[in-house]
Amino acid sequence: MRKTLDRAFKSRVLDQFHKRLDIGKVSPFDAEIAGCLASDAFCPKYRCKNVIFFSSVNHNATSNLDTSPLLGTSLEERCDFDDSKALDAGKHVNAKDIADVNYEPSGRHFGESDDPDEDVESDEEMEREDGNADVELGVLDLFDRSREDKENKKEPLEEARDESGHPMVRETCKLIELRHKWNRKLEGELRHLLRCLNSHQVIAVLRSQSDERIAVNFFYWADRQWRYRHAPLVYYTMLELLSKTKLCQSSRRVLRLMIRRRISRRPQDFAYLMVSYSRAGKLRSAMRVLNLMQKDGCAPDLCVCNTTIHVLIMAKRFEKALRFFDRMQRVGITPDVVTCNCLIKGFCDANRVGDAMKMIREMPLKGSLPDKISYYTVISFLCKEKRVGEVRDLLKEMKIKDNLIPDPVTYSTVIHVLSKHGHADEALEFFRESEEKGFRVDKVGYSAIVHAFCLDGRMEEAKEIVNEMLFKGCLPDVVTYSAVVNGFCRIGKIDQARKMLKHMYKNGFKPNTVTYTSLLNGLCRIGSSLEALEMLNKSEVEWWTPSVVTYSVVMHGLRREGKLKEACELVMQMLGNGFFPTTVEINLLIHALCRDGKPGDAKKFMEDCQSKGCTINVVNFTTVIHGFCQEGDLESAFSLLDDMYLSNRHPDVVTYTVIVDALGKKGKFEKATELVKKMLHRGFIPTPVTYRMVIHRYCEKGRVEDLLKLLEKMLVRQEFGTAYNQVIEKLCAFGKLDEAYKVLGKVLRTASKSDAHTCHILMESYMKKGLPLQSYKVACRMFHRNLIPDMKLCQKLSSNLIAEGHSDEGGRLLIKYRNLPLDTVLAVWQESRNTKRRSTIKLLP
């Protein structure tokens, strides 16, 4: 086995070395290393364990290595394999399994882009690997109280020292900042510095990066360097940094590297990965980390349990969180205040404030006292529901039972939550109460109340609060003034808003983007979008920078006033300044252009947006195609359909429905039928709109036979119970009663209420045309299918039959009612009396 590994390793290194040497890309330093490696490889006593690595780890052969007998601890076995199954017990490693040996002469430079998901399974692969979507709570069975006590008695892991001020750390950070103009010399200097850094200094470099993505790239780059390996503490720090971001795939890759390289995994490392997944919104993947943890044999601790409960509550799986909470207590994990606070939040989110209060009262029995966060969570929910009396009772209980005296933070929380949800009077009431207790409210609290009054349109009260701020020496800031400006604009008082802007300048406050956006929105509300556009164009002169929201506000104002040309020009200006409108905003403009009969301009506008890097989706294409179809320009519609494929945008069922409708309107049913078959062949499921459109167009032109054949193919793809009912009703509307009568057999197969309603429509249509005998035939077929026609309709039909000289048929129709059971007749009569629409019931056997 060892000889096989030696030969594979020697062959890989020599091949890479000769390739690089042939093309002249080997630096002297790399050539020296590779030459030494090659000479060692030819040595018969060559062993990986004899190589002395430059490392940030302390030179201790057993330091932080996984001592599992299944994994082994020798340096020789700690190679990095791409095969994730290499961790399975009893599996031997062949030479072909070797993926890398920490040396990549042809690898990437640090400044180049590094795919963080390289060698990492996708989420879809992980889903297939883990099987069930629901989390398996079996990971809690790994918990062992005795083992936890032993681990707690162990010496704690050495904490990272703060080495951020070390000269080598600062020099390394300077070189990393030059990554955009990277060259071999700079990379050689960085490589040299890396080998001089200890683990604490590497951690300091990682923590010094302003962007965690740069830290991840440095971590990967360093990991690829020859004769260097990260210390376990570096892995732990990297996971901790990534847990504060949404870079969940990078976090997962780091954890996998730890597993492959036999680095000891702590429960909090898995918790870091769960937090990273939850920040990225991948809550199901976060829960699957427990399965990974269970496979790894790592027992959960309280940190993992708290993270799990938090993720379950974020995923709206509160009942599962309660089951997990109960299970963790049964295996011996004692919850703390963080656990209970998570559950209290879950109770409040589920509108179960009573259970939340019960949890607070039972917390001392579980070994943890409630803190202010416990009460603040419930208070925030009560403030949202405007239950002020219960808030006061809770503040008293908080003080008496748990000795938690309300402080300025408590009142500030109540004021902000009430103001946020528009309860201005209640917020002001608590504001006065806090002042009476001697708590000083800052400008943030004042601004919150001002904002609440402005949202309600109560500008006089808002102005009084601002004057009170000035009187007490608490100067309003730009946020307060912006709220007042927005309030005046919401009620249409633009002149007052302008005066407030002047007042801001007078008091030394410069309006910001939010202030100007509020003013522009107010101008667009009163129909002065051109004035808003002019003010927007003067933004550079007045020294303020518009945002994407600013452009959107003015664009929508121009669109609502029908100034589409100016709106499209503003979008182009917006794109030129680096702001991108959403696909919804683009579609609104496209729809407005098409509604004005300008699909050509809409197409040009869409193409211009796409050429400038704006995202265009299938809805935008479909809207333009619909505009061409409305104008009857099918050639342009089909041309744009082809352009969709060239732009890698595939039409959906709505696109096909629009074009089929246009073809049916033009009477081109052969092409329409082919297009529907093409849609079905591509796997699209017809929607109810598709069925209604096809039925309408084919019935309008009397193409009933073609329609029935097409419906059979469509119903195979997607069942639509009322398809034939709509065919009969549509044929009746177009006066084609004979064709409708031929389809009646397909409707009466199910004998449902909707079928009876369709039969009533057909009967009434025959009676309106003076054909009561045909209506009588429909009624007889209904009786034959155990359906009872509407009593009033049958009485009217009987009268028409007798008047037309068909007294026998009229009499037989009434006799059919007399032969029915009394309860059925009374039920039919009562139902027809109580409802305005025609109704029926199914005849019981």
Side-chain angles (χ1 to χ4, degrees), residues 244 275 278-279 302-303 305-316 318 321-322 325 335-449 451-452 479:
K244 302 173 184 178
V275 172
S278 65
R279 287 182 183 276
L302 184 59
C303 175
C305 292
N306 289 342
T307 306
T308 302
I309 291 175
H310 175 67
V311 171
L312 285 171
I313 290 173
M314 287 180 62
K316 309 298 182 185
F318 183 58
L322 290 177
F325 176 70
D336 62 356
V337 64
V338 177
T339 318
C340 296
N341 287 345
C342 289
L343 290 175
I344 289 170
K345 183 181 184 304
F347 279 123
C348 292
D349 291 343
N351 203 14
R352 295 165 58 179
V353 66
D355 292 329
M357 290 303 305
K358 183 179 178 182
M359 172 68 73
I360 291 178
R361 297 185 182 105
E362 291 178 352
M363 283 178 67
L365 303 178
K366 299 181 184 297
S368 59
L369 295 175
D371 58 2
K372 289 187 177 181
I373 302 298
S374 311
Y375 284 98
Y376 289 168
T377 305
V378 182
I379 287 173
S380 298
F381 174 78
L382 294 174
C383 291
K384 179 181 176 182
E385 299 292 323
K386 203 177 178 179
R387 294 157 68 171
V388 180
E390 297 180 48
V391 171
R392 296 190 181 280
D393 295 339
L394 195 58
L395 290 175
K396 292 178 182 177
E397 180 178 339
M398 169 180 166
K399 179 180 179 180
I400 296 172
K401 290 188 175 181
D402 296 303
N403 198 26
L404 297 174
I405 301 174
D407 55 8
V409 177
T410 308
Y411 281 97
S412 179
T413 302
V414 175
I415 291 170
H416 277 84
V417 176
L418 287 171
S419 301
K420 179 181 177 181
H421 294 93
H423 309 316
D425 292 324
E426 291 76 10
L428 185 60
E429 185 178 343
F430 277 97
F431 176 80
R432 300 302 181 199
E433 183 177 331
S434 66
E435 286 185 326
E436 291 174 0
K437 293 190 175 183
F439 299 140
R440 183 178 180 275
V441 182
D442 58 3
K443 63 179 67 177
V444 179
Y446 277 108
S447 299
I449 298 177
H451 180 67
V479 177

With a 4.5 Å limit on heavy-atom distance, are the side chains of I415 and I449 in contact? yes
Scanning both residues in full, the closest heavy-atom pair of S368 with P335 reads OG-O, 4.3 Å
CZ of F325 to OG1 of T308, rounded to nearest 0.5 Å, is 13.5 Å
Separation between NZ (K386) and CG (L418), nearest 0.5 Å, reads 9.5 Å
NE2 (H310) and OG1 (T307) are apart, to the nearest 0.5 Å, by 8.0 Å
By side chain to side chain contact (heavy atoms under 4.5 Å, CB included), R440 pairs with (sequence neighbours left out) none
Is there side-chain contact between M398 and Y376, with heavy atoms separated by less than 4.5 Å? yes
All heavy atoms of F439 vs all of P406, minimum pair found to be CZ-O, 3.6 Å
key: Y446 and F431 aromatic ring geometry - parallel, tilted or perpendicular at 30°/60° bounds   = perpendicular
Output for pair (T413 OG1, I379 CD1), nearest 0.5 Å, gives 8.0 Å
>> Checking M363 against I344 for the side-chain contact (heavy atoms from CB on, under 4.5 Å) test, could you report, in this order, the C-alpha distance in whole Å, the side-chain angles of both residues, the deciding distance, and whether it holds?
In response: CA-CA 11 Å; M363 283 178 67; I344 289 170; 4.2 Å; yes
Would the distance check show the side chain of S412 and the main-chain N or O of V409 forming a donor-acceptor pair, the cut-off being under 3.5 Å? no
Run the side-chain donor-acceptor check on residues 388-395: report pairs under 3.5 Å with partners two or more places apart or on a different chain.
unit_1 : atom_1 : unit_2 : atom_2 : d
E390   : OE1    : R387   : NH2    : 3.0
E390   : OE2    : R387   : NE     : 2.9
E390   : OE2    : R387   : NH2    : 3.2
R392   : NH1    : E433   : OE1    : 2.3
R392   : NH2    : E429   : OE2    : 2.8
R392   : NH2    : E433   : OE1    : 3.4

Review point. So S374 and D371, side-chain contact (heavy atoms from CB on, under 4.5 Å) or not? Walk me through it.
Key: CA-CA 5 Å; S374 311; D371 58 2; 2.8 Å; yes
### Query
How about R361 and K401: do any of their side-chain heavy atoms sit closer than 4.5 Å?
yes
Here the gap from L369 atom CG to D336 atom CG, rounded to the nearest 0.5 Å, amounts to 12.0 Å
dist K372:NZ -> L404:CG (nearest 0.5 Å) comes out at 6.5 Å
Check: How are the rings of F318 and F347 set to each other: parallel, tilted or perpendicular (split at 30° and 60°)?
Finding: perpendicular
For S419 and A448 the tightest heavy-atom approach is CB-O, 3.3 Å
Minimal heavy-atom distance between N306 and C342, with the atoms involved, is O-SG, 4.4 Å
| message | Is it true that, when you exclude K443 itself, more than 12 heavy atoms of the residues, nucleotides or ligands shown sit nearer than 6.0 Å to its NZ? | response | yes
